[in-house]
Each structure stands twice: as structure tokens, then as C-alpha cells.
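Encoded as C-alpha cells, the structure appears first; notes follow it.
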Amino acid sequence: MIKLAPSILTADFGNLEAQIRAAEAGGADYIHLDVMDGRFVPPITFGPLVVEAVRRATSLPLDVHLMIIEPERHFEAFAEAGADIINLHVEATSHIDRLLRSIHAMHKRAGVCLNPGTPLSAIEEVAEVADQIMLMAINPGWGGQKFLPAMLPKLRRLKQMLDARGVAPDIEVDGGVKAGNIAACVGAGANVLVCGSSVYNREAAPRENLHDLRAAAGQPAPA
């Protein structure tokens with residue numbers, strides 16, 4: 001079964017608790033939180049205090065995506081705030097292996113992320129350590145961007161690389177995932193799909209959007 005991870009980046013922050021509860025009621029598997037520092041990517045979003053507030057609002061696993069320089073300085077604060085999965089960019093640190101193991105030492109799941117222009121070889125040596133590998137299907141920084149088609153072949157190559165190494169971390173896709181491309185992402189190997197503007201928008205409620213995404217992926221809603 002796939003896992004849908006609505007990103008609160010495009011949610012209504014003035015009504016955030018209700019937005020999170022709406023996604024939970026609609027069958028979301030995770031809540032995805034995009035942490036940006038204004039350095040690794042241009043925007044600044046939020047820090048551990050918001051993660052802590054979201055933790056109080058839901059029992060769903062929190063999938064925290066650290067788009068920050070030197071994540072080794074901050075990941076412990078996000079773990080303590082209630083993150084269940086902590087995703088770090090390989091481009092943002094020189095010590096990705098040590099950091100993934102440090103996350104495990106805090107009894108959290110550890111993820112490693114790749115920007116569109118970063119080759120898969122950058123994470124080959126930590127594929128056995130990571131619980132999740134995230135491919136960015138947009139250049140990170142803003143919600144609502146269009147999916148980059150070149151990321152589908154990259155997804156397939158990632159799945160082949162992992163199969164060849166005999167490891168099976170979750171494969172997460174973040175950026176531009178919509179009803180029109182979610183089946184292609186799943187077919188290429190992804191099993192965790194981050195959905196931002198395709199869940200939180202003015203066209204329909206989160207419950208309806210999540211139902212449509214799961215149906216488009218060819219998988220029924222969980223019982």
C-alpha cells in the first residue's frame with residue numbers, strides 16, 4: 001500500500017489544527033512538514049515549535065523534511081518536538097552517514113533526500129542505513145510547482161539500485177504529485193507520496209482530494 005503524506009506548506013496556517021485533522025480524517029498516512037531556513041532554500045518556514053504544535057494536533061506520524069544547512073545542529077530539536085521521520089539532504093551536510101545513525105540513536109526513522117540535480121551515487125553508501133530515500137521532483141523551496149518529468153526515470157533507477165543492493169527503504173517523492181502523475185510515480189517505485197497543493201486547495205476538501213489521489217494511484221482507501 002502507498003502512503004499519502006499531505007504537506008502543510010500550502011495549508012491555511014490560520015486554521016492549521018483543523019487542516020491537519022481534515023487530512024487525518026481523509027485517510028492521510030503521514031503529515032509532512034517542510035522546514036526551510038532561508039539558506040539551503042530561499043524561503044523561511046518554521047521550526048521545532050510548529051512541529052511540536054502539530055504533534056499535539058494529530059496522532060499520525062510526522063514526516064519532517066529538513067531543508068536546512070548543517071542539519072547536524074538542529075535535528076535533535078526536531079526529534080524532541082515530536083518528529084517520527086527526519087529527512088536530511090545529502091547536499092546540506094558532509095556527515096550524512098553519522099547523522100542517519102544519530103537519528104536512529106534517538107529512536108526515530110532516518111531519511112535522506114536528493115535534489116533533482118543530485119545523482120543517485122551520492123546516497124549509494126548510505127542506502128543500507130536510511131529508512132527512507134526521498135527524491136525531490138521539483139527544485140525545492142516553494143509549493144505548487146510542476147512535477148519534473150525527468151524524475152520518473154530517476155525513480156526507476158533508484159528502485160533498481162536498491163533492489164540490486166538487497167535493501168528496501170521507503171521511496172518517497174516530494175513535489176508536484178497530483179492525480180495525473182501519481183500512478184506513474186508508484187509504477188516507477190515510489191510508495192510514499194508527498195501531496196501539498198493537490199490536498200490543500202480551493203477546489204475541494206482534503207478528504208475528497210486524498211480519495212481522488214488514492215483512486216488515481218489505483219489503490220483503495222485503507223480499511
Side-chain angles (χ1 to χ4, degrees), residues 1-13 15-34 51 54-55 57-65 83-87 109 111 113-114 116 130-138 140 142-156 158-159 162-163 168-223:
M1 292 293 293
I2 65 167
K3 297 173 184 176
L4 298 181
S7 168
I8 65 169
L9 189 61
T10 54
D12 176 5
F13 270 66
N15 198 23
L16 188 55
E17 182 175 0
Q19 295 267 277
I20 291 167
R21 293 191 185 279
E24 185 172 12
D29 298 287
Y30 296 162
I31 297 297
H32 187 84
L33 298 100
D34 291 301
V51 176
V54 173
R55 175 74 289 158
T58 182
S59 60
L60 290 176
L62 301 187
D63 185 37
V64 175
H65 180 189
D84 296 287
I85 310 165
I86 300 175
N87 302 283
R109 298 186 69 221
C113 314
L114 291 170
D131 300 299
Q132 180 166 276
I133 296 174
M134 179 195 300
L135 292 191
M136 295 302 299
I138 58 171
W142 294 272
Q145 297 185 61
K146 291 184 178 180
F147 186 94
L148 295 172
M151 294 305 103
L152 286 175
K154 189 176 183 181
L155 258 177
R156 288 190 286 269
L158 173 61
K159 183 66 166 63
L162 296 174
D163 288 347
D170 285 332
I171 298 177
E172 183 170 32
V173 176
D174 185 358
V177 175
K178 298 186 181 299
N181 58 33
I182 191 170
C185 292
V186 173
N191 69 308
V192 181
L193 293 306
V194 178
C195 313
S197 59
S198 56
V199 170
Y200 292 114
N201 57 53
R202 296 182 180 180
E203 282 70 47
R207 178 189 293 272
E208 182 180 342
N209 288 329
L210 284 162
H211 177 273
D212 290 347
L213 284 164
R214 209 176 288 277
Q219 299 199 10

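Worth saying up front: this structure is predicted, and the values here are computed from it rather than measured. In what follows, every heavy atom counts, from backbone to side chain, and hydrogens, waters and symmetry copies are set aside.
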Gln219 vs Ile2, side chain to side chain contact (heavy atoms under 4.5 Å, CB included): CA-CA, chis, key distance, verdict: CA-CA 8 Å; Gln219 299 199 10; Ile2 65 167; 3.3 Å; yes
State which residues pass side-chain contact (heavy atoms from CB on, under 4.5 Å) with [X]; sequence neighbours excluded, sorted by chain then number.
{"X": "Ala204", "result": "Glu208, Asn209"}
{"X": "Ala216", "result": "Ala179, Ile182"}
{"X": "Pro61", "result": "Tyr30, Asp84"}
{"X": "Thr10", "result": "Ser197, Tyr200"}

At what distance, to the nearest 0.5 angstrom, does NZ of Lys3 lie from CG of Leu193?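 Atom-to-atom, Lys3:NZ and Leu193:CG are 11.5 Å apart.
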From Ser198 OG over to Leu213 CG, what is the distance, rounded to the nearest 0.5 angstrom?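 It is 4.5 Å, given to the nearest 0.5 Å.
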Show the numbers, then the answer: is there a side chain to side chain contact (heavy atoms under 4.5 Å, CB included) between Asp63 and Asn87? CA-CA 8 Å; Asp63 185 37; Asn87 302 283; 2.8 Å; yes
Determine whether [X] and [Y] make a side-chain contact, defined as any pair of heavy atoms from C-beta on separated by less than 4.5 Å.
{"X": "Leu33", "Y": "Ser7", "answer": "no"}
{"X": "Lys154", "Y": "Leu135", "answer": "yes"}
{"X": "Asp174", "Y": "Asp34", "answer": "yes"}
{"X": "Arg214", "Y": "Asp29", "answer": "yes"}
{"X": "Ile133", "Y": "Leu162", "answer": "yes"}

Steps toward side chain to side chain contact (heavy atoms under 4.5 Å, CB included) verdict (Leu114, Leu158): CA-CA 11 Å; Leu114 291 170; Leu158 173 61; 5.8 Å; no
Sequence-distant partners of His65, ring pair (Phe, Tyr, Trp, His ring centres under 6.0 Å), two or more places apart: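 Listed in chain order: His32, His89.
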Just jot down the side-chain hydrogen bond (donor to acceptor under 3.5 Å, both in side chains) partners of [X], sequence neighbours excluded, or say none.
{"X": "Lys159", "value": "Asp163"}
{"X": "Gln19", "value": "none"}
{"X": "Arg21", "value": "Glu17"}
{"X": "Asp170", "value": "Arg109, Asn191"}

Mind listing the closest non-hydrogen atom pair of Ala137 and Val173 along with its distance?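 Reported closest heavy-atom pair: CB-CG1, 3.9 Å.
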